[in-house]
Amino acid sequence: GAAAARDQVQIAGSSTVLPYAKIVAETFAETFPDFKAPVVESGGTGGGLKAFCAGVGEGTIDIANASRPINKNELEACKAAGVTDIQEIRIGYDGIVFAAASSNGDMKIEPKDLYNALAAEVVVDGKLVANPYKNWSEINPTLPQGPIAAYIPGSKHGTREVFEEKIMAEGCKEAGAQEVIKASITDAKQAAAKCVAVRKDGAAVDIDGDYTETLARIAANKTGLGVFGLAFYENNMDKLKVATVKDVVPSVETISSGEYPVSRPLFFYVKKAHLGVIPGLKEYVEFFVSDDMIGPDSPLAEYGLVAAPDDQREQVRNDVLAGKTM
Amino acid sequence: MSTSILLLILAVIGVAAYAAGVWRANAIARGASSRMHSRPGYYGSFVALWALLPALALLVLWLIASPLYINAAVRSEFPEEVTTLSQAEQGLNFGMVSSLARGMSVLSTEEIDRIGGDPAELRAALGARGVPLAGEPKPFMVQAAGELNQMTAASRTMVTVAALAVSLAGAFFGLSRVAPRFRARNKVEKAVLASLIVASSIAILTTIGIVLSMLTEATHFFTRVPAWEFFFGTVWDPRFAAAGATASEGQFGLIPLLLGTLYIGFVAMLVAVPVGLFSAIYMSEYASRQVRSVAKPLLEVLAGIPTIVYGFFALTAVGPFLRDLSSQLNGLVTGNYANFIQAQSVLTAGFVMGIMLIPYVSSLSDDIITAVPRALRDGSLGLGATRSETIKRVTLPAALPGIVGAILMTASRAIGETMIVVLAAGVAARIQWNPFEPMTTVTVKIVSQLTGDLEFTSPQTLVAFALGITLFAITLCLNIYALYIVRKYREQYE
Amino acid sequence: MTDAISSAAGLARPRPARRDIGIKRRYAAERRFRAYGIAALTFGIVFLFLLVSSVVSKGYTAFQQTMITVPVEFTEAIIDPKNERADNPQKLMTANYPLLARNAVARVLGVAENDRAGLRDVNKMISDGVRSQLRDMVVANPALIGTTQTVSLLAAGDLDSAFKGQISLDVPEANRKVNDKQVGWMNQLAESGALAKHFNTGIFVNGNSSRPEAAGVGVALIGSFYMMLIVLVLSLPIGVAASIYLEEFAPKNRLTDLIEVNINNLAAVPSIVYGLLGLAVFINFAGLPRSASLVGGLVLTLMTLPTIIIATRAALKAVPPSIRAAALGLGASKMQTIFHHVLPLAMPGILTGTIIGLAHALGETAPLLLIGMVAFVANYPTTPLDPSTALPVQIYMWANEAERAFVERTSGAIIILLLFLIVMNVGAILLRRRFERRW
Amino acid sequence: MNMMSEAAVEKALDEKMNEVSYKMVGRDVSVYYGDKRALFDVNLNVRENTVTALIGPSGCGKSTFLRTLNRMNDTIENCRVTGRITLDGDDIYDREIDVVELRARVGMVFQKPNPFPKSIYENVAYGPKIHGLARNKADMDHIVEASLQRAGLWTEVKDRLHESGTGLSGGQQQRLCIARAIAVSPEVILMDEPCSALDPIATARVEELIHELRANYTIVIVTHSMQQAARVSQRTAMFHLGQLVEENETDKMFTNPDDQRTQDYIMGRFG
Amino acid sequence: MNMMSEAAVEKALDEKMNEVSYKMVGRDVSVYYGDKRALFDVNLNVRENTVTALIGPSGCGKSTFLRTLNRMNDTIENCRVTGRITLDGDDIYDREIDVVELRARVGMVFQKPNPFPKSIYENVAYGPKIHGLARNKADMDHIVEASLQRAGLWTEVKDRLHESGTGLSGGQQQRLCIARAIAVSPEVILMDEPCSALDPIATARVEELIHELRANYTIVIVTHSMQQAARVSQRTAMFHLGQLVEENETDKMFTNPDDQRTQDYIMGRFG
Ligand SMILES: Nc1ncnc2c1ncn2[C@@H]1O[C@H](COP(=O)(O)OP(=O)(O)OP(=O)(O)O)[C@@H](O)[C@H]1O
Ligand SMILES: Nc1ncnc2c1ncn2[C@@H]1O[C@H](COP(=O)(O)OP(=O)(O)OP(=O)(O)O)[C@@H](O)[C@H]1O
Ligand SMILES: [Mg+2]
Ligand SMILES: [Mg+2]
């Protein structure tokens, strides 16, 4: 007869949001025994949004997790496929930290330092030259002793964008490279791109995998500096030594207060058309945005999510209840 | 009657038809002493085929058509507020109706009557039976669900009767054809041949499917990025597309990826082919039965270890080992303890991948070498050739077509592998010739561009499809060339 | 033989001069050749051994789980303070069970009820999984309320790691997940016998969980089982049928060349592309559900087919023509010749292809990514249409988890996968041995 | 039809009659292996209940011709046959003809023994099984025993019926193949040097068997032994370089051949 | 050593001498295939520059004995040989003995023709190549031509030397195998029914070849043809049921055998 209707929520998207979504899904199933636990797919923000925007109906997913806001083109693609009413829900922030093997001493990082260590071209004597630096010590004595090696997120990661924006672009400005670049390149976009270009001689290594891979790389190379999510770092504090950025130690407190500069918001998107049609979807969304889940003392915060300020959370909850769409 | 029970009944009819065919063939054979053309079993199979194939075709047709029809019929009854919605949203409503219908078929009629139109109670009752509903059903849904159940039941009865009738008719028709000179075997074998052809067409369909599933997106890519920039570009650096950015900024040069693919694949083959081939030779020609029966399955375990495990093995053990080894060597020779092998390198990836591929060469080649007739070996040994000479000059050449097939398949796997490369050789796309430096492959980029946080409409993601199709085309050319080479050197024994 | 005899032999007529056929050199070559064979085989097996032993040494601890066995008081005041359970069975489902467990452990450790920091530390020693553990006990038997039962509670993942010695206690307290107080309690409980390692059945039967101590590969096992069943049932017959057609029946012309090349080429298609295909064909076109092992099985079938076809064709080619001639000469039809004689002789090769193809399919993650099987699935699938994951997916996902306790579980899951692989292949290997014969 | 001359019709009719009166008729049979021509327009008739011997130097095309009679050369990839061959008047290369049925009626023993790598019993039982010649196990046992006995192998193998057929000696293998072929009782039996691997006693047994079979079957045998041809056959055909040199009564052939080449060959005078 | 009696030493010496005066000596040779015993304590000496024929009914163990002489039965999995066989006085089953060298000295032609799936030229050149018998291409060409000529195949194949050896007719294949064997000029040549697939003319050619070779080589030939044995051999050994019945001068054997069974067999009287 008729195909059996779907009886659980289906979620896909960002692997950064995945661990949080998993905790919520699991707790949700324990709290609402009537509903099955949602299925949370991994696959990246892009893949998640693509599946999300494939259309409306039981064969499509209900929620897309994202580590960046959906953008215009994607929204248009969604609309074209009939996915018109989308609720955007911001669940909190992900802190991004720099850390090296725990055998290193205390490290203090300025964006300028990282820029000089990792940029493709740096300013020497007022001129742009291919990056000549070989050892961390040439840049900042508190950094690991040895050759420069940085494990930064590959360009497939959303974190890479944050890294470029908050560290490289900033450092570019501080190091005075921006002016030199602007002087030679008029096109603003190209100039900005040049500012964040990373060296390609092997000193900066893109990581397309997850933080575990970065951790393994650092375990194999003690002078390497890696980029991690705050949650991941907190789970591996015994192996990692975190660096301060602009003299701020990364922590839930400093990030939520905005002191620590490198962080990004996390989202999920819900198809409104599916609310009230897919069993458990409405309950899941409401459960997710409750303070039990994303508040400062919630399991998510425990895992490393930086909770949004109280008023923001309140706002999110109100928007959900009001069914506000984009 | 559920589909599975219907299938069961059809199976019973099939068996009966078979028996009837056999019986009739035997009866005719005895009655008219002339010899039957085929064995009774073939007549049986012939009758069974007639009993089953048309009925199954009907059933399949119904399985496809009836939900479509019922779906449309139920939807046409939907109130206006729903029919004005988009097609997809109507579909969602229909999904709700079908959940409801499923739930109601679980409830007894009295219960439905008792609960009647109270949506909240209905939801609770269904929930208790393990049929969750998303919200409280609207009255029109309850009605539609009832209708749906009714129609489904009716159509089911219809198809049951029809399928059984067709099946029986087919059986009788088949039975009526049974005659002494009727070539049942040929007919049955034709049916078998047809199924063989269908089976081999699946490979073709897969290819078409693969091409089609990538083609539209790949064309999207090529409308955004000039083809020559992609095919002949020497820089791979698809920059991160910032939210809202539109330009196809970045360079999409295929060359570095392609070189990496071939280079790493080559190194892997350099490990896998000699090791695999020599293992195969040892197992088939030298080893005792016991050694062989243990060693062969052991090597086959290598093919079953998930590639991510190899990847981590490369990342945490092989890579650092090679790096430290190189710095020790360098130190011994030049006094400078700088490593010349990077922890992630073409060498590491190729080496570890080669290990994974060993069984592809060894097991298949072993079977093929073993199948070479012993008379050939004896001929060579009898002339005073050593075993190794016999193997090199007689056995291997005789087994060559099969071994080449195995090696081609191994090469194919080497090109298609991802996880090992990601972890062992990194993701840096570069053009260079030093095997001790990192490189990356096309497949790595396909995976990472598809699964990242990138905007899915941007060329940065779409390039994965272009890469996929290009790789497909390139390997196709390589395979055509390989076939040509194999044809040229094929030798047939006996 | 005696000296006398051999010297007598020496007296015999002179030996004819021997030709030099380079016997020394050729024997050296023979020995070298053989040594290459042994070296190659050893190389492969040593690496297998290295891999497996590195996995096992990291993963064997995953098959033990630390439990805290304490008397738990099922206090009515906590479970159902207003005594509503008769009217509202839902009440029992949502009660605050973790509190029961915390109180039980705190009582054993002598932590005061008002020592909030202490209680929090105690809470962190117990897994959140106790909620469902205790709930299931109470729902099954509400009479437990008000009694005291001795229950083995799951220890939290961090405590488990600490107890197994995987968290170095030399690291400053602030940098580790288990503080000194908890370590003290841990030792205290261990001495009293309340805290001990038990066999970890959970890792085999539980679904996935974000809590390492409660996570298991149950769902993935079922998913992999369904998928392998589908792959076996579809790809073996289809692959063999296709090979028979191509090798024995198809006219040798451009078209069949194209098919041959095409099949070889399919083996080179990156596995993730099969995922794209599965998404397009099975999910978007045919409307099958996402994350279902049926779709996964179909995708892996398509991926495995080229392997089986290539292996089978090679095996069919190797059957000597005289066997075919013998059967045909007796009046066997081509079909009969193939099915009665050629196929049995090609069986070892076919089974090898199947073994390798299935092994590959069992370990593959990438194609499952796009059809939604690389996912967190907590509920057991009942049919191949329900969402599920697969063993390599579970390994992949656990390998990316941040928590320390997942490291050993990842290796544990790999061990389970290898066991699965071995169980899966044993039948085929035995069968292959039966079919093997030398001419 | 009307355009056909009276004489032509007569001739065609004659030929048709001709074809029927012989068990098998080969008319202008040529065989090509790729570009190489192995038989040149051979016209040879095989009489019913007669043993026809094919003789001629090695490589002259005897096996090739034999194989055309039950279309075994269909299985050789680049082999092409032209001309017309009939069995009981039906063209065996006709599209209507079921080649399997043909081969069941025209059985074959090959030059190189080729037992199946199965047990001796199964080797013999295979043909009867696929043709359904045995109603039950006892029947089959009987057929197997009878066939092995007629091929003179029974005493040697009766205790090892379930061992592999490939473990037999060369001569035993050949006798096994003969047993296998006669187990399906074909109408015509083609034998390609069946006795070449056999000792005199076994050969005598096979020759006796051929004698016996002649009453009911038609037999074509390739042999290199003139004596054997003389002993077993009623008619003999002599091939040379792909051509049929002469076909005649065996007695005549060996005493007073029409063709000089035959004479020379029989006298061992050329090559 | 001292414990050996005078007489025993004498006897051992005698035997040793014996072994030396013959090219090959088989002493109490028994062969088992698994549990099945195929040869029973055979004592047979092979004289130098002599053709020894082995005769006997099919399956009596002729091939088996022949294979023990160059240890070809090493390649059969469950085959076991006991007893002692010497070549020029050296035990060929000694651990010291090199089986490759042995087989280069004791060549073999098999009962079933088994050409390699290579060109005709390469088939013949194979042996000389691995033993390094040709210094250069011209040398090799010479060896190949000479061998093919002696095997009586040259005229038939000289235009297709580079076609596959498997595309030849049965008899041609067998002659190719003979050519292949003599191309390495072994000291002893073992021939297992070399002529069974050959026509009389080719057979005559091979027999002539055997005659020629006898001057320099030692030849052991298995044959089913009494005539052939009588024509080519100087000594004949008769096997029956795995036992050596009699070994004698050929003339005597065929006229006045010592053993009744021989007489019966030659008269074609048992089986
Ligand atoms: N498969 C083949 N491909 C190419 N040529 C072949 C093939 N089979 C036979 N020939 C050639 O055809 C000719 C006739 O071969 P055929 O086997 O009929 O000879 P024959 O008379 O049976 O000889 P013999 O007595 O030696 O068996 C020979 O020259 C042979 O080389
Ligand atoms: N590989 C084997 N395994 C088992 N038994 C075998 C094997 N080879 C031969 N035999 C048996 O050993 C006995 C002697 O075989 P052999 O091949 O020596 O006979 P033969 O005298 O050469 O006979 P033919 O003249 O038929 O070739 C036979 O009974 C045979 O069945
Ligand atoms: Mg022939
Ligand atoms: Mg023999």
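Residue numbering restarts at 1 for every chain, and letters A, B, ... go by the order of the sequence lines.
In this structure, chain E has heavy atoms under 4.5 Å from both the backbone and the side chain of D/Gln172. Both the backbone and the side chain of D/Ser196 come within less than 4.5 Å of a heavy atom in chain E. Neither the backbone nor the side chain of D/Lys62 comes within contact range of chain E, judged by heavy atoms closer than 4.5 Å. Residue D/Gln173 touches chain E through its side chain alone, counting heavy-atom pairs closer than 4.5 Å. For a residue to count as touching a neighbouring chain, one of its non-hydrogen atoms must lie under 4.5 Å from one of that chain's; by this rule E/Gln174 does not touch chain D.
E/Phe239 is linked by a ring pair (Phe, Tyr, Trp, His ring centres under 6.0 Å) to E/Phe65, counting only residues two or more places apart in sequence or in another chain.
Counting heavy atoms from C-beta outward, D/Lys36 and E/Arg160 have side chains that approach closer than 4.5 Å. Side chains of E/Ser58 and D/Ser169 form a contact here, defined as non-hydrogen atoms less than 4.5 Å apart.
Residue pairs meeting the ring-ring contact (aromatic ring centres under 6.0 Å, His included) criterion with at least one member in residues 145-178 of chain E, sequence neighbours excluded, are E/Tyr121-E/His162.
Annotation: D/Glu249, atom CD; neighbour count of heavy atoms from other residues, nucleotides and ligands within 6.0 Å does not exceed 12.
Distance CD/D/Glu156 to CG/E/Leu241: 8.5 Å, rounded to 0.5 Å. E/Asp199 CG to D/Glu193 CD: the interatomic distance, rounded to the nearest 0.5 Å, is 8.5 Å.
Between the D/His224 side chain and the E/Leu198 main chain, a donor and an acceptor come within less than 3.5 Å of each other.
The greatest number of non-hydrogen atom pairs below 4.5 Å with chain E, out of D/Gly167, D/Cys60, D/Ser225, D/Pro113, is found for D/Pro113. Ranked by heavy-atom pairs under 4.5 Å with chain E, the first of D/Gly170, D/Gly61, D/Gly152 is D/Gly170.
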